[in-house]
Amino acid sequence: MEEKIIKIMSAVFRVDESAINESSSSDTIESWDSLKHMNLIAALEEEFKIEFNEDDIMNMLNFKLIKLLVKEKIT
Amino acid sequence: MTDILELKYSDILKLNQDLETTLQSPDVEIDVFSNIIIAQLKEILEYTLRNDGINAKITIRDYDNIVQESYKVKNSKIVIIFWELSNLIDGFHFKHCSMPDNKIETLIEKVIAEINVVLNQLRVVPLVIFNKFSSLVFSESNLRQNRYERVCDRLNEYLSGKIAKNIVFVDIDKIISKSGLAEAIDLRYFYSSKALYSIQFFKNYSTFIKPIILSLLGKAKKVLILDCDNTLWKGILGEDGLPGIEMSAKTNSGVFFEEVQSIVLELSKRGILIGLCSKNNPEDVNEVLHFHPDMMIRDSDLVIKRINWSDKSDNLKQIAEELNIGLDSIVFVDDSDFEVNLIKVKIPQISVFQVPKKLHEYPRLMRNISNLFFTITESKEDLKRTEMYVAENQRKEVKLKYDNLERYLESLHLQLQISMDDEPSIARLAQLSQKTNQCNLTTRRYSESDIELFVKSPDYKVFSFEVSDKFGSYGITGLSIIKMKPPTAEIDTFLMSCRILGRNIEKVFIDHIINELSKMGVKIVTAQYIKSIKNKQVENFYNELKFDMTLENNVSRRYSIDINKYKFNNIKYIEVLDGRKDNKNHVSSFQG
């Protein structure tokens, strides 16, 4: 799962997979703006066949939280 | 060729990135104008086109600035317009109920005038893909047509008179119907971010409009090559014989082939080249073509035939050679798994389709295939109809015409209500400070209690504004916090919501602030631009206002200006109204 998320983040933000780590967030990834955030959510939802609610979406601004929420949804 | 509908969005992003670096063909610049957020269209459409060798470079232009953007178009080869009915004014999909008739009429007039400006500005663009207005998302369950739908119809009726050689109108309802409404939209983002459509929709949209773009670039499909047995007719000629094959409504299976043949014939009439490629005895097929009573396609409708027992990939290559066309302009239809896969593998440039196992799906597939032969050039009837519409429209022509952007902005009757230290708005001002990224000079985030402190403190001035035009208010969308250090004043915060950009509102706001500060006795105004990852578009804001840059490094710039030397922008078409003003009495602190 973690690998898939990294792949998706790398594709959405156009950064190297190796550049994504535990501390990655919208503050550290330059291209992570509100539009790219929507793209990220869309890609994650499609990949894991899940749906986030508005609060989740607002909060998922770093890699750790994304992992946590995806995990929560798929289990 | 991979069908985009089968790909995941993240795969599309990745593949698109790869193609961007490997494609050698020249760029095709495509600009998208929109009054809703359609961020995901960019990569999906780029990939759809790059997959066909077209090196599309798509730019999604400023949100909700369709008219302003139309004045800026220069090199674009293609412009795509998403003009969303529900956002003609904020919340139009429900506000239409309570709007008086004359307001509705003014709104229609305004939009029609805007359409005129935009299409006039875009007349030099080789292709404009204009999505028709759609009311579907907010009216699908209406038993009776309501006003919202009627406005939609009126606007579309107007559009139908705007047919021109470079414009293709796209019926967006048809694209929505491909996936069904529920799959096509995602209302989660509509209320917060003005985004409406789903990934699924954008995939369908890109697939739908691709033939239009291919046609413009001379890459439309030109030749349709068909197999015979179980493709043109039901049955195997070599086994069933001429009387045994079926292609008319007289038999249960024949009915599908009658319809398919009629669609193919229609293509032939439009100038598409039709040919056969079949493993059969040529004399048997010729007999059918000449003598079978139910055949609609006859020998004279065909430009080429390869009826023999050799490899179909060789046959197709010879067809391309003989007709002197590229392999990529061929579409091939066959019923056999073997042949379909063979061509897919050996000649990937050819678009291959397999006759569906469920025959009732076959006519629909053929109709979809016929879209690949779309040409922008219109028929004589189309042209006649256009003339009729144009004449009709000239009679109704709206007087409003804007020959430049200023005239357009004038017509909006923009009003800026500027408040100072406005206590009731504290919560909204904190929200603006927290959420605004792009048009934010310093990106300092302040909480409600911070803002409250500034509002109440004599050492700060908090300016905010509410914008409205003749159709209503956009709410409080701008904030500036000034730190008073007599005789200097520092612009600590200057920000605006991005949905009101493109109207010179920021210039009016800063004019007003400077003027107020001047009245308070301020002599020098200092300011700062702090680089963030999202605010590049405003980096030259103070330079443009002729502030002196006193310091510049990688992360920020400092500015200063003698208030008497400030050049007011004097934007005449925006009226400034005085908003609420708190009476905190601190002016005296300046007089010492």
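Here is the naming used below: chain letters follow the sequence lines, and residue numbers restart at 1 for every chain.
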Measuring heavy-atom distances to chain A, does B:Lys534 have an atom under 4.5 Å in its side chain, in its backbone, in both, or in neither? side chain
Heavy-atom pairs under 4.5 Å with chain A are the metric here; pick the option from B:Asn437, B:Ile533, B:Asp186, B:Asp11 that has the most. B:Ile533
From CD (A:Glu46) to CD1 (A:Ile50), nearest 0.5 Å: 11.5 Å
Does B:Lys203 make a cation-pi contact with B:Phe201 (under 6.0 Å, within 45 degrees of the axis)? no
Does A:Arg14 pair with B:Glu43 as a salt bridge, N-O distance under 4.0 Å? no
Nearest 0.5 Å please: distance from the CZ atom of B:Arg503 over to the CD atom of B:Gln68. 5.5 Å
For the interface with chain A, which of B:Lys14, B:Lys435, B:Arg188 has the highest count of heavy-atom pairs at distances below 4.5 Å? B:Arg188
Please look at A:Ile57 and chain B and tell me whether the side chain, the backbone, both or neither of the residue comes under 4.5 angstrom of a heavy atom of that chain. side chain
